[in-house]
Trainee: 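Just passing along the structure, written as structure tokens.
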Amino acid sequence: MELMGDKGRRNGPRGAVPRRTGTKEAEEIATGSVLGAQLLRRGDLDGAEPHLRTATAGGDRAAANNLGVLLHQRGYAEEAADWWRVAAVAGSAAAAHSLGRHHRERGDEPTAHYWLRQSAESGHVLGAYALADLLEHRGEGGAEEWFRAAAERGHREAAYRVARLTGTRAEAAESGRAELEREAERWYRQAAARGHRRAALRLGTILERRGELKEAGRWYLTSARDGEPRAACALGFLLRDAGDEESAEVWWRQAADDGDGNAANALGALHADRGERQAAERWYLAALDAGCDNGAFNLGLLCAAQGRTAQAEQWYRRAAYAGHREGANALAVLLLQRGDAEGAEPWFSKSAEAGSVDAAFNLGILHAARGDERSARHWYERAAASGHAEAALQVGIALLRENDPERAERHLRHAAGGGSVEGAFRLGSLLERRGREEDGDALPAVPSAPAEGAQPPEYEEWYRRAAELGHRRAQVRLGMCASARGEIVDAARWYRLAAEAGSIHGAFNLGLLLAREGSEPEAALWWTRAAEGGHGRAALRLALISARRGELSDGQHWCARAIELGPAEVAERAAKLRDALRAESTAKGA
């Protein structure tokens with residue numbers, strides 16, 4: 001309730017306030033009113049009351065308002081309201097505001113509305129704010145107008161409310177959104193500059209989203225120092241991202257101690273990264289107690305990492321039932337790993353419908369495993385549209401099967417750009433094949449060398465990306481590209497990497513390279529590895545080496561292997577060589 005001083009007086013009080021006209025007497029009344037107000041501000045209720053009652057009896061409406069304030073502080077609400085009514089009828093905007101609040105607290109909103117409007121229309125800032133708050137509560141029009149009126153006269157909460165309303169309109173606007181967002185930011189700044197900690201938090205969020213991290217940090221700090229735990233939490237993340245983990249931990253602790261679940265969860269993750277599992281578990285539990293469902297999900301992850309599958313399932317279920325989409329996906333994955341595909345599917349569906357891209361991809365895998373390619377394609381496409389690289393790869397592969405290379409390329413580019421190793425290889429293969437077709441040639445076993453001084457083709461760059469991440473077929477293709485340019489050392493390096501990782505084609509090609517360089521014994525070692533892994537041409541090469549050395553038995557063995565493995569022309573050559581070796585063996589035996 002608001003004290004009212006001399007500035008609110010008018011000559012000739014109205015209503016139930018008695019009238020006095022003598023100049024000396026009027027001065028005494030005014031002096032008593034001012035003295036009573038001063039004593040009331042100091043908290044001296046006993047000293048203030050007689051002065052205020054005397055001034056009120058003399059017709060001073062400010063004294064009547066302040067007497068109401070005094071009585072309200074003593075707990076005499078109804079008597080206070082009587083004096084506020086006297087002052088309000090006499091024209092006191094402050095008394096009308098207090099009277100309106102009195103009636104609203106008692107549930108009499110129509111009467112509250114009447115007196116608050118009287119106060120607001122008289123230019124009273126608190127009356128304007130209280131009227132706006134009541135109108136908004138009742139769902140009636142005009143609330144924003146009165147919030148603005150209060151905000152323009154410096155009311156910080158009103159400025160914050162105007163900012164919120166403007167921001168809401170901006171989110172729904174089809175046009176003019178940028179202008180509305182700028183206006184909302186201006187009101188947040190006004191409120192924050194006057195010490196409104198939630199406005200400072202919102203302003204920090206806007207600035208962080210815009211990339212203005214230094215200023216965002218200043219507003220987060222201002223809000224956090226004023227006791228806003230969400231700002232302390234946000235400041236912690238900003239500091240963590242800047243590499244100052246120690247300071248981030250300090251602010252997260254402050255926020256968590258004030259009940260911020262996100263901060264407690266961040267502390268849990270911090271300790272988990274350090275391998276401090278007990279501390280991590282303690283903070284995750286604190287996050288859960290504060291209403292942060294991420295706590296349950298992360299407890300599930302923590303248990304799963306320790307091999308405590310049963311406990312992990314319990315925490316995932318708790319998170320999933322609370323609506324945590326990644327918790328639902330994790331639960332479904334766990335059930336699927338246990339062989340319970342029927343139990344997993346509804347959780348995948350709930351998670352995907354809630355927006356989990358991973359769950360949408362996993363549904364695609366689930367349907368593909370059942371042979372339901374149509375449903376699998378639907379979920380792959382949904383996940384791909386949200387940026388899932390491996391889902392984009394699956395869609396790209398399906399489009400290649402449908403002979404739609406243009407659309408396939410778009411998806412493969414998304415996959416490769418999103419970090420899919422197989423996507424990078426497939427994109428390289430598609431681009432290389434297209435280049436050969438444009439030249440009128442089929443894709444050869446060894447690509448031709450580019451013209452001297454020309455940049456390597458794009459497909460080679462995609463092969464390189466995949467090869468550097470361990471993709472064996474990309475390593476082989478990159479070795480072939482290097483070999484075509486005469487870069488033998490580079491070609492051998494890529495072939496060797498592929499071969500050592502188990503690629504029979506890498507082993508065979510490395511053997512060819514070594515043989516051309518005069519290292520047939522080492523070449524034979526790699527061809528042996530390739531032939532034992534199922535490479536028919538390598539087996540034929542070994543048969544030829546054995547035949548040359550006169551090792552007829554070994555030669556026949558490798559011929560038989562080459563015939564078995566193929567392809568047709570290799571099998572045909574191996575069969576002729578085998579027959580020749582048999583004949584020679586028979587002749588020697590005779």
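On a predicted model such as this, the values are computed, not experimentally measured, just so you know.
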Trainee: Using every non-hydrogen atom in the two residues, find where A280 and A272 come nearest and quote the distance to one decimal.
Mentor: CB-N, 3.6 Å
Trainee: Quick one: does R325's side chain have a donor or acceptor within less than 3.5 Å of a partner on A354's backbone?
Mentor: yes
Trainee: Is the shortest distance from a Lys or Arg side-chain nitrogen in R202 or E181 to a carboxylate oxygen in the other one below 4.0 Å?
Mentor: no
Trainee: Heavy-atom count check: over 12 atoms from other residues, nucleotides or ligands less than 6.0 Å from E342 CD?
Mentor: no
Trainee: Tell me if the CZ atom of R370 is crowded by more than 12 foreign heavy atoms within 6.0 Å.
Mentor: yes
Trainee: Is there a side-chain contact between L335 and R338, using heavy atoms and a 4.5 Å cut-off?
Mentor: yes
Trainee: Looking at A264, is its backbone amide N or carbonyl O close enough to the side chain of W283 to form a donor-acceptor pair, meaning the two atoms are under 3.5 Å apart?
Mentor: no
Trainee: Go through R274 and E249 one step at a time and tell me if the salt bridge (charged side-chain N to carboxylate O under 4.0 Å, His left out) criterion holds.
Mentor: CA-CA 13 Å; R274 294 172 179 170; E249 184 175 359; 3.0 Å; yes
Trainee: Looking only at heavy atoms, what is the nearest atom pair of S119 and A93, with distance?
Mentor: OG-O, 2.9 Å
Trainee: Testing L52, V69, L99, L67 for side-chain contact (heavy atoms from CB on, under 4.5 Å) with W83, which one passes?
Mentor: L67
Trainee: Between the side chains of R194 and E157, is the shortest nitrogen-to-carboxylate-oxygen separation below 4.0 Å, so that they form an ion pair?
Mentor: no
Trainee: Taking atom types as modelled and ignoring hydrogens, do the side chains of N298 and N265 form a donor-acceptor contact shorter than 3.5 angstrom?
Mentor: yes
Trainee: Would a distance-only check, ignoring hydrogens and angles, find a side-chain to backbone donor-acceptor pair under 3.5 Å from N362 to D358?
Mentor: yes
Trainee: Determine the minimum heavy-atom distance between A389 and G419, stating which atoms define it.
Mentor: CB-N, 4.5 Å
Trainee: Could you tell me whether the side chain of T168 and the main chain of R164 form a donor-acceptor pair under 3.5 Å?
Mentor: yes
Trainee: Measure across G295 and A287 and return the closest heavy-atom pair with its distance rounded to 0.1 Å.
Mentor: CA-CB, 4.2 Å
Trainee: So, does R61 use its side chain to make a donor-acceptor pair with the main chain of G91 at under 3.5 Å?
Mentor: yes
Trainee: Strictly below 4.0 Å, N to O, side chains only: are E183 and R148 in salt-bridge contact?
Mentor: yes
Trainee: In this structure, which one of F297, W347, W315, Y316 forms a ring-ring contact (aromatic ring centres under 6.0 Å, His included) with Y321?
Mentor: W347
Trainee: Would you mind checking if R277 and E281 are paired as a salt bridge, meaning a charged N to carboxylate O distance below 4.0 Å?
Mentor: no
Trainee: Check ring pair (Phe, Tyr, Trp, His ring centres under 6.0 Å) between Y129 and all other residues, then give those that pass, not counting sequence neighbours.
Mentor: F147, H155
Trainee: W146 versus R117: any side-chain heavy-atom pair under 4.5 Å?
Mentor: yes
Trainee: Can you see whether Y160 engages R156 through a side-chain donor-acceptor pair at a distance of less than 3.5 angstrom?
Mentor: no
Trainee: Would you say that H137 contacts R104 through its side chain, given a criterion of any heavy-atom pair below 4.5 Å between the two side chains?
Mentor: yes
Trainee: Of all heavy-atom pairs between V86 and A64, which one has the smallest distance, and what is that distance?
Mentor: CG1-CB, 4.5 Å
Trainee: Which value, rounded to the nearest 0.5 Å, describes the distance between E215 atom CD and L203 atom CG?
Mentor: 6.5 Å
Trainee: To the nearest 0.5 Å, how far apart are SG in C233 and CG in N262?
Mentor: 5.0 Å
Trainee: Start with the C-alpha gap between L238 and R240, add the side-chain angles, then the distance that decides, and say whether side chain to side chain contact (heavy atoms under 4.5 Å, CB included) holds.
Mentor: CA-CA 5 Å; L238 211 59; R240 189 273 313 268; over 6 Å; no
Trainee: Would you say the side chain of R189 lies within less than 4.5 Å of the side chain of R186, judging by non-hydrogen atoms?
Mentor: no
Trainee: Report the distance from atom CZ of R74 to atom CG of L45, rounding to the nearest 0.5 Å.
Mentor: 5.0 Å
Trainee: Without swapping roles, check the side chain of T222 against the backbone of R218 for a donor-acceptor pair under 3.5 Å.
Mentor: yes
Trainee: So does A151 get a backbone contact from the side chain of Q190, meaning a donor-acceptor N/O pair under 3.5 Å?
Mentor: yes
Trainee: Compare all side-chain heavy atoms of R169 with those of T166 and state whether any distance is below 4.5 angstrom.
Mentor: yes
Trainee: Scan for side-chain hydrogen bond (donor to acceptor under 3.5 Å, both in side chains) pairs involving residues 299-312, sequence neighbours excluded, and state none if there are none.
Mentor: Q306-R308
Trainee: Quick check for you: to the nearest 0.5 Å, what is the distance between K350 atom NZ and L331 atom CG?
Mentor: 10.0 Å
Trainee: In the structure I gave you, are the side-chain heavy atoms of D108 and P110 within less than 4.5 Å of one another anywhere?
Mentor: yes
Trainee: May I ask you to test the W251-Y220 pair for a side-chain heavy-atom distance under 4.5 Å?
Mentor: no
Trainee: Might you point out which heavy atoms bring L336 and A344 nearest each other, and give the distance in Å?
Mentor: N-CB, 3.9 Å
Trainee: Any side-chain donor paired with an acceptor under 3.5 Å for N329 and S351?
Mentor: no
Trainee: Give, for atom CG of L70 and atom NE2 of H72, the distance between the pair rounded to the nearest 0.5 Å.
Mentor: 11.5 Å
Trainee: Could you walk me through whether R106 and E78 pass side chain to side chain contact (heavy atoms under 4.5 Å, CB included), step by step?
Mentor: CA-CA 11 Å; R106 278 150 183 76; E78 294 304 324; 3.2 Å; yes
Trainee: Judged by atom type as modelled, is there a donor-acceptor pair below 3.5 Å linking the side chain of S223 to the main-chain atoms of W219?
Mentor: no
Trainee: Is the side chain of S375 donor-acceptor paired with the backbone N or O of H367 at a distance under 3.5 Å, no angle test?
Mentor: no
Trainee: Evaluate the side chain to side chain contact (heavy atoms under 4.5 Å, CB included) criterion for residues L135 and H113: first the C-alpha distance (whole Å), next the side-chain angles of each, then the deciding distance (0.1 Å), finally the verdict.
Mentor: CA-CA 8 Å; L135 291 170; H113 179 271; 3.8 Å; yes
Trainee: Would you check, one step at a time, whether the test side chain to side chain contact (heavy atoms under 4.5 Å, CB included) holds for H411 with L393?
Mentor: CA-CA 6 Å; H411 282 88; L393 169 63; over 6 Å; no
Trainee: Under the criterion salt bridge (charged side-chain N to carboxylate O under 4.0 Å, His left out), I'd like the reasoning laid out for R198 against E228: C-alpha separation, chi angles, the key distance, then a yes or no.
Mentor: CA-CA 7 Å; R198 285 177 294 158; E228 177 55 59; 5.4 Å; no
Trainee: Strictly under 6.0 Å, is that where the ring centroids of H102 and W115 end up?
Mentor: no
Trainee: Is there a side-chain hydrogen bond (donor to acceptor under 3.5 Å, both in side chains) between H124 and Q118 once you walk through the steps?
Mentor: CA-CA 9 Å; H124 195 269; Q118 295 297 316; over 6 Å; no
Trainee: For the atom pair NZ (K24) and CD1 (I29), what is the distance rounded to the nearest 0.5 Å?
Mentor: 13.0 Å
Trainee: Establish, from distance only, whether the side-chain atoms of H271 and Q278 form a donor-acceptor pair under 3.5 Å.
Mentor: no
Trainee: Taking only residues two or more places apart in sequence, or in another chain, which ones meet Y380 in a ring pair (Phe, Tyr, Trp, His ring centres under 6.0 Å)?
Mentor: F361
Trainee: Hey, would you say the W379 and F348 ring centroids sit under 6.0 Å apart?
Mentor: no
Trainee: Donor-acceptor pair, distance only, cut-off 3.5 Å: does the side chain of R318 make one with the backbone of A296?
Mentor: no
Trainee: Less than 4.5 Å apart, side chain to side chain, heavy atoms only: is that true for D257 and Q254?
Mentor: no
